[in-house]
Amino acid sequence: MALAIELTGITKRFPGVVANDDINLEVAEGEIHAICGENGAGKSTLMKILYGMQPPDSGTIKIGGEVVELHSPAQAIDLGIGMVHQHFMLADQLTVLENVILGAEPMRSFGRIDFDAGREHLDEVGQAYGLDINADDLVETLEIGERQRVEIIKVLYRGAKILILDEPTAVLVPQEVDELFRNIRELKASGATILFIDHKLDEVLEIADTITVLRQGRTVGTVKPTDVTAHDLAEMMIGSELPVPDAGASTVTEEVALAVDGLRVIGEGDRAVVDGVSLSVHRGEIVGIAGVEGNGQAELVNAIIGLDDPDAGTITLLGREITHFSVRSRREMGLGYVPQDRHRDGLLLGFTLWENSALGHQTEAPYSRGPWLSRTGMRDRASRIKADFDVRTPNIEVSAHALSGGNQQKLIVGREMVAGPAVLIANHPTRGIDVGAQAAVWDDIREARAQGLATLLVSADLEELIGLSDTIVVMLRGRLVASLDPNEITPRDLGAYMTGAALETDVA
């Protein structure tokens, strides 16, 4: 079979690290080829090289048998390569059509956009690849799975025959994953070549024709999914068996550490994005919140941490009402926080690790002495986090930007844990990190739970929610609509509650 992509001897160095070390990769035309590996294994760098975002230091790239030099994404697009990023790049206030043609607008005379031609081409693409979407829908009204479909249509609209899908299932419930996989198989049937980047090994085994594993910047091997198990892949990736989330024996106490009562948050258009939510988390308990993104989880977390002021209801921390307390006051009372977006909310990427180790705790010892910050205290604490939480870095003087995603996440989790919180708000704590780093974060949360930590866990990883939680509550359209025993529910059942399908069945 002819090769769509052939990478030979690809090497890419950054200061202090070799991100790609003599990587070889062959992808046949019309196949679904999965790329697996830990964070820091070199997957992202390799895909950026293939998409023209970074040049390799050495090695050759062949597309369709022809040697090419890629210097920009625009050049990659011209060669038929498209990339769907993990974080959607859509304008919510624009329609599907407007998002799809943005940057590639068909033009009429006098500089006017030819929307009719754009609509016709969009319809042709949708029909050719089996991707059904309403061109006139506002993106803000779409479900997560539909938004992802728009992202795929965007690259196909521009003529892509090779698609790079970066962590495409990270925010999808099982039913949406099924739909995505149907779409991917239809793309393959239509002649497209798919590069599928994922950390969820069971999904890789289900969808891929071929799997290439990277470790420490090198190619470990290329295998067929029929020849390996998830445990085999995990061992190739990290040298050990596939970890599983497991809460273990119950450590739940009678003492309520965090209580939310009748919380209401009004969003745009005077709509209640959090509508009368009440819940409690006891010491030694993990309460998981399940829900399709956009159903009020982010606003609930923001209200609890103090980033948003609720319009009604109360929040109580360790028996004291904190509804209108500042973020700083809540943090100093023992409220820990692992944010959803580590780059936007968790780190200052250009600052050193020892500076980042103090974020959110800079008013407390050992980070400060009275009104003054203590560099010695920051460095000592950063060294402890590096050692205790296995943050893999040459030293604490490097910038946070130099760390892989998994090590950035371990730095954030370590920063919160060493502060000894009474309550932890863990908002997607393992999103976008590999199985090794994921297992480390799970261990940290479990160990702290055994010591009495109360944790509110928000996650799109349903296996994680079921495995770690003592109780799971489901959030739909701003309300808590179900409370479930994780020992009695499957990911598919939980997904049905999250979309409302199970509730409709219950009512019927």
Please list, chain by chain and in numerical order, all residues satisfying side-chain contact (heavy atoms from CB on, under 4.5 Å) with [X], sequence neighbours excluded.
| X | value |
| --- | --- |
| R218 | D21 |
| V301 | Y337, I425, N427, V458 |
| S399 | H401, A402 |
| D166 | M83, Q86, I197 |

Without hydrogens or angle criteria, can the side chains of S383 and D380 be said to hold a donor-acceptor pair below 3.5 Å?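 No, D380 and S383 have no side-chain donor paired with an acceptor closer than 3.5 Å.
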Determine whether the side chains of T393 and K386 contain a donor N or O and an acceptor N or O closer than 3.5 Å.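 No.
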Hey, could you give me the CD1/CG distance between I305 and L335, rounded to the nearest 0.5 Å?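 With rounding to 0.5 Å, CD1 (I305) is 4.0 Å from CG (L335).
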Nearest 0.5 Å, please: how far is CD1 in I81 from OH in Y51?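 With rounding to 0.5 Å, OH (Y51) is 9.0 Å from CD1 (I81).
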For the side chain of S72 and the backbone of G52, is there at least one donor-acceptor N/O pair under 3.5 Å apart?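 No.
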Any donor-acceptor N/O pair, Q297 side chain to G291 backbone, under 3.5 Å: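 Here the side-chain-to-backbone pair exists.
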Can you list everything that forms a salt bridge (Lys or Arg N to Asp or Glu O under 4.0 Å) with [X]? Sequence neighbours excluded, please.
| X | answer |
| --- | --- |
| D341 | none |
| R330 | none |
| R392 | D390 |
| R328 | E332 |

Side chain to side chain donor-acceptor pair (under 3.5 Å) evaluation trace for E151 with H85: CA-CA 8 Å; E151 288 280 21; H85 298 272; over 6 Å; no
Within a reach of under 6.0 Å around CZ of F181, are more than 12 heavy atoms found that belong to other residues, nucleotides or ligands?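 Check passes, neighbour count above 12.
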Should we count CD of E364 as having more than 12 external heavy atoms under 6.0 Å?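 Yes - once you tally the heavy atoms of other residues, nucleotides and ligands closer than 6.0 Å, there are more than 12.
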[X] and [Y] ion-paired at < 4.0 Å:
| X | Y | answer |
| --- | --- | --- |
| R446 | D443 | yes |
| D178 | R492 | yes |
| D92 | R147 | yes |

Looking at F14, is K12 sitting on its ring face, NZ or CZ under 6.0 Å from the six-membered ring centre and within 45 degrees of the normal?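 Yes, a cation-pi geometry.
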[X]: side-chain hydrogen bond (donor to acceptor under 3.5 Å, both in side chains) partners, not counting sequence neighbours:
| X | answer |
| --- | --- |
| D309 | H324 |
| E321 | T323 |
| E355 | T352 |

After noting the C-alpha distance and the side-chain angles of R283 and E254, does the key distance pass the salt bridge (Lys or Arg N to Asp or Glu O under 4.0 Å) rule? CA-CA 7 Å; R283 284 191 178 273; E254 295 294 324; over 6 Å; no
Going by side chain to side chain contact (heavy atoms under 4.5 Å, CB included), I49 matches just one of S44, P56, P55. Which one?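 Filter result, single survivor: P56.
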Should D275 and R264 be marked as a salt bridge (Lys or Arg N to Asp or Glu O under 4.0 Å) after you check the CA-CA gap, both sets of side-chain angles, and the distance that decides it? CA-CA 5 Å; D275 193 0; R264 184 178 175 86; 2.8 Å; yes
Pairs flagged by side-chain hydrogen bond (donor to acceptor under 3.5 Å, both in side chains) wherever residues 454-467 is involved - sequence neighbours left out: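 Listed once each, the pairs are T430-E464, Q438-D461, W442-E464, S459-E464.
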